[in-house]
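Worksheet for the structure shown next.
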Amino acid sequence: MGNSLECLVDRGRVRHARPALGEARPAQTLLVGALTLALGAACSAPARVATPGGDVRPAPNSAQTPQAAPQVPEGNSAVLPWTRPSYPEHSGALGCRGRCWSDETLESLTLEEKVGQLTMPFLLGDFAPEGSSSRKRARALVEEHGVGGIIVSVGSPTEVAAKLNWLQSLSKLPILVAADLEAGAGFRFDGVVHAPTNIWLGGATRFPALMALGAAGDPELAYEMGRVTALEARAIGVHVPFAPVLDVNNNPANPVINVRSFGEDPQEVALLGEAVTRGIQEHGAIATGKHFPGHGDTGVDSHIALPVITADRARMDSVELLPFRRAVRAGLGAVMTAHITVPALFDQSLPATLASPVLTGLLREEFGFRGLIFTDAMDMAAVDRLVGRGEAAVSAVEAGADVILMPPDLGAARRAIVAAVRSGRLTEERIDESVLRVLRAKEWLGLHLERTVDLGGVARNVGVTPHLDVARAVADRSITALKDERGLLPLRGTPGAAVYSVTYRRRGDLRGGRAFNAALRRTYRELRTTYVDQWSEEEDYAEALARARGMELVVVSLHVGVRTASGSVALPEEAVAFVRELATSPVPHIVIAFGNPYLLSEFPEVGTYLTAWSGVPVAERAAAAAIVGEVAITGKVPTRVAGFGIGAGLYIPKRGDAGR
C-alpha cells in the first residue's frame, strides 16, 4: 500500500484503506473525530496529527519496543452508503443541496413523535420468533412508543443484524442503534456458549480491556481498535459504539471502571481516547466519550448507589475533565453522562446527569460541545432510587441531555416529557434542539438513504482474520510483568514438566481459563488443572495447595474483573490466603491477573507477577505465549500498582533472543 492514505471510490461511495499495522503513519492531515473525506473530495493532502493546542506533529510510530508490531492485512471493509467530512454541528455541515432531510423531518413531527426520538430503550439481541414475548416487546418499542433509538446487547452478530433490520423496517423514521462496544464489537456480540457442550458459537472481534491499550502505549493500535470496532458495528447495524471510556482510573478501589479505563495518566488517556475516536469516526460510526464529567475516582458502583467525587475544580480540570476537553476539541460526536455527584461543579445532591451546570454550563457552553449527549442508563440505582422515573427523564432534558438511555418505564418517561412541554416547564424549542441533533446524526450516518444492512456482509466483515490480528497485536503488546524474582521467565518449555494451573473465575464464567490452559497444554502435555470460584471453600484451596507442593511449577490465573452491579473487584479471603501460602512456599510459581491488576497489593510476597488486563480468549492466549517465550513481554503499567509506578514493567525477550 505504501505510505499514503488511499481513497477507494466504489459507485460514488468513499472508503478508507489504512496502512498495515506497524507501517509509518501517512503524512496527511486527518480530520480528527470525523470521516476523513467528503464524497468526491480529493485525498492527496499530506497527513499529520493536530494537537489540541493547534500545532501539528508527526503521528507517532507504533514501534515503541524491541518487539516489532505484526503486519495486519487490510481485509474487507464495510462500504458505507454515505460519508461526511465532519460530525454535523449544524445543517450546513451536512452539505445538503437545498434543505436537509433532518430539517424537513423535524417540521413534520408531532410533539409525541419528537419526544419518541429522544428515547433509547434496551433491546436484547436474542432470537425472537413470531408470537414470542420478546418479539412483541420489540415491536411495541417501534409501533407504540415510536422510539428514535435502541441500545442493543448480547447476541450473535447475524441474529442481531437480522433483528435490527426487522425493526428498521417497522419504523417510520430510521432508528439510531447504539451498543456498549468499549472493547470492540465482541464486547456484546461474542461469547455465546452452548452450555450443554461448552462449545463456543463464534462472534465479533473482542479486544482486551482498554487498560491493555494503556499498557501497550501505542496510539496506532488504539486507532486500529477504533477502526475495527466501527467497521464491525456498522456491518451488524450498530451506529453508535458507546466508546471510548475517557475516565481516568486514579482509584484502585474503583469497582466499576478499573481496567475499562486506559489508565491513570490523564494525558495518556486523552491521547489514546483521541486515537480510538478517530478510528471510530473515520470509519462511519459515532464515538461516545464516557462517563462525563469523570467516573474514575470513585469507590462506589453507580449501578448500586450515587458516588461522590470530592476533588476540587482545579484537580477536576487537570485530571478528570482533561480527556473530555481534548476529545471535544478533536471532534468527538457524542458524550455519555455519569451518575455521580461532584460538589466542586454543582451544589446539588443529584447526579451530574440531571445537573444543568454540568451538561449545559460545562459541556455545552464552556467546552463548546455540539454533539449528542446521552444519559447513562436511567435504570441504574444512582438515579432510579433518588428520583421518580418520569421526573428523572424531564430533569435530564432540562439539564441538557438529548437522549434518555434505558428508561426503566418508557411510557412514564415519554408522558412526563410531553406533559412538561404542555405545562410550560419545557419549551418545544428545547425539545426541537435535541431532536434535530438526533436527526442530524442519522443523516450524517446515511440512515435516511439506507437503514438496513446486508446480512451476507456480516460474515465478510465481522470477526474476520484481519480484525482478529489487530486484537491479537493489542493483547501481545499489553502483557506486563511486574515481578520475576526467581528469573522464571521465559519458561524453558520442557514438554514433560509437572506444571499445575489453578484458575480462579466466577462460577458463571464458562470460558475463564479455557483458552489459557489450552494454549499452555500445547507446551506442557501433562498439564494439570484446577478451577475454583467465589463459592469454593477452604477445603478446596487446601486440596489445591497440597497438589501444588508436588509440582515443578504452579501458574495461578485470577479472573477478577469489573462486573455490573457486583460492587467489588476483589478476591475472596480464601483465594487470597491460598496465593499467600503458595508465594511463601518453595514451589516456583507465576500469578497472572486476568482483570484487576491491583490484586498484587493483596499478596506482595508473590515471586512472579504478570497482568493480562482481561480474561478474554485473545488475552489468555497472549499470556500463555508470553510466559513460554513465544513473544516478548513489553507492556508497561499505565497505573500505579502495589508500589510500582506508572510505566513500570520488565522487558523479557522471547526465547532465543538476546538477554534482558
Side-chain angles (χ1 to χ4, degrees), residues 198 209 251-256 258-259 299-301 303-304 482-483 485-486 488 498-517 520 527-616 619-620 623-624 627 641-644:
N198 203 23
N251 185 341
N254 192 319
V256 68
N258 200 268
V259 293
V300 175
D301 185 347
H303 294 86
I304 300 173
L482 285 176
K483 300 182 71 176
E485 294 176 353
R486 300 188 187 185
L488 299 179
V499 178
Y500 184 31
S501 174
V502 180
T503 303
Y504 173 87
R505 64 183 186 185
R506 292 188 174 96
R507 185 160 293 184
D509 184 4
L510 299 179
R511 291 205 296 175
R514 178 175 169 179
F516 178 77
N517 285 334
L520 207 56
L527 180 73
R528 287 84 159 175
T529 62
T530 290
Y531 291 86
V532 288
D533 57 40
Q534 70 270 37
W535 304 113
S536 296
E537 300 178 349
E538 290 184 12
E539 293 78 7
D540 301 310
Y541 288 103
E543 182 179 335
L545 190 62
R547 192 174 187 184
R549 290 194 174 101
M551 298 294 169
E552 296 176 66
L553 174 70
V554 177
V555 182
V556 179
S557 302
L558 303 175
H559 290 256
V560 181
V562 174
R563 188 170 178 234
T564 299
S566 69
S568 174
V569 282
L571 273 174
E573 292 181 6
E574 296 83 357
V576 172
F578 166 77
V579 176
R580 285 175 176 167
E581 288 195 54
L582 178 66
T584 55
S585 76
V587 179
H589 59 273
I590 298 172
V591 175
I592 306 176
F594 288 100
N596 183 4
Y598 306 106
L599 294 175
L600 178 59
S601 62
E602 297 283 350
F603 25 74
E605 308 90 344
V606 164
T608 300
Y609 184 85
L610 299 91
T611 180
W613 311 106
S614 55
V616 296
E620 291 190 20
I627 65 174
V641 176
F644 291 92

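Everything numeric here is computed off the predicted structure, so don't read it as measured data.
- When side chains are defined from C-beta on, L599 does not count as touching V579, because their heavy atoms never get closer than 4.5 Å.
- Side chains of E574 and V532 form no contact here, defined as non-hydrogen atoms less than 4.5 Å apart.
- Scanning all heavy atoms of the two residues, the minimum distance from A612 to A619 falls at O-CB, 3.8 Å.
- The salt bridge (Lys or Arg N to Asp or Glu O under 4.0 Å) test applied to D509 returns no partner, not counting sequence neighbours.
- Shown here are the side-chain contact (heavy atoms from CB on, under 4.5 Å) partners of A542, two or more places apart in sequence or in another chain: there are none.
- In this structure, S557 has no side chain to side chain donor-acceptor pair (under 3.5 Å) partners at least two apart in sequence or on a different chain.
- Residues satisfying the side chain to side chain donor-acceptor pair (under 3.5 Å) test with E539, not counting sequence neighbours, are none.
- In this structure, L520 and A624 approach most closely via the heavy-atom pair N-CB, 4.2 Å.
- Considering every non-hydrogen atom in both F578 and V556, the closest pair reads CE2-CG2, 4.1 Å.
- Under the ring-ring contact (aromatic ring centres under 6.0 Å, His included) criterion, Y500 pairs with no residue at all, not counting sequence neighbours.
- A distance of 8.0 Å separates CG of L482 from CG of L610, quoted to the nearest 0.5 Å.
- Every residue two or more places apart in sequence or in another chain that forms a side-chain contact (heavy atoms from CB on, under 4.5 Å) with N517 is listed here: S501, T503, L527, T529, Y531.
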Donor-acceptor pairs are to be reported for all side-chain atoms of residues 582-591 against protein atoms at under 3.5 Å, with residues two or more places apart or in another chain.
unit_1, atom_1, unit_2, atom_2, d
T584, OG1, R580, O, 3.1
T584, OG1, E581, O, 3.1
S585, OG, L582, O, 2.7
S585, OG, V587, N, 3.3
H589, ND1, V587, O, 3.0
H589, NE2, G607, N, 3.0

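- Residues passing the ring-ring contact (aromatic ring centres under 6.0 Å, His included) test with H559 are F594, sequence neighbours excluded.
- Using a 4.5 Å heavy-atom threshold, the side chains of R528 and M551 count as touching.
- A pairwise comparison of heavy atoms in L510 and R505 identifies O-NH1, 3.4 Å as the closest pair.
- Remark: I592 CD1 to W613 CH2 distance equals 13.0 Å, nearest 0.5 Å.
- Here the closest heavy-atom approach between residue A209 and residue V259 is recorded as CB-O, 3.3 Å.
- Among residues two or more places apart in sequence or in another chain, the salt bridge (Lys or Arg N to Asp or Glu O under 4.0 Å) test is passed with R547 by none.
- The side-chain contact (heavy atoms from CB on, under 4.5 Å) search around A575 returns Y504, Y541, L571, P572, not counting sequence neighbours.
- Rounding to the nearest 0.5 Å places OG1 of T530 at 11.5 Å from CG of L545.
- For E573, there are no salt bridge (Lys or Arg N to Asp or Glu O under 4.0 Å) partners at least two apart in sequence or on another chain.
- Applying the side-chain hydrogen bond (donor to acceptor under 3.5 Å, both in side chains) definition to pairs two or more places apart or across chains, those involving residues 597-609 are N249-Y598, D484-T608, Y598-T639.
- The backbone N or O of V499 sits nowhere less than 3.5 Å from a side-chain atom of E552 that would complete a donor-acceptor pair.
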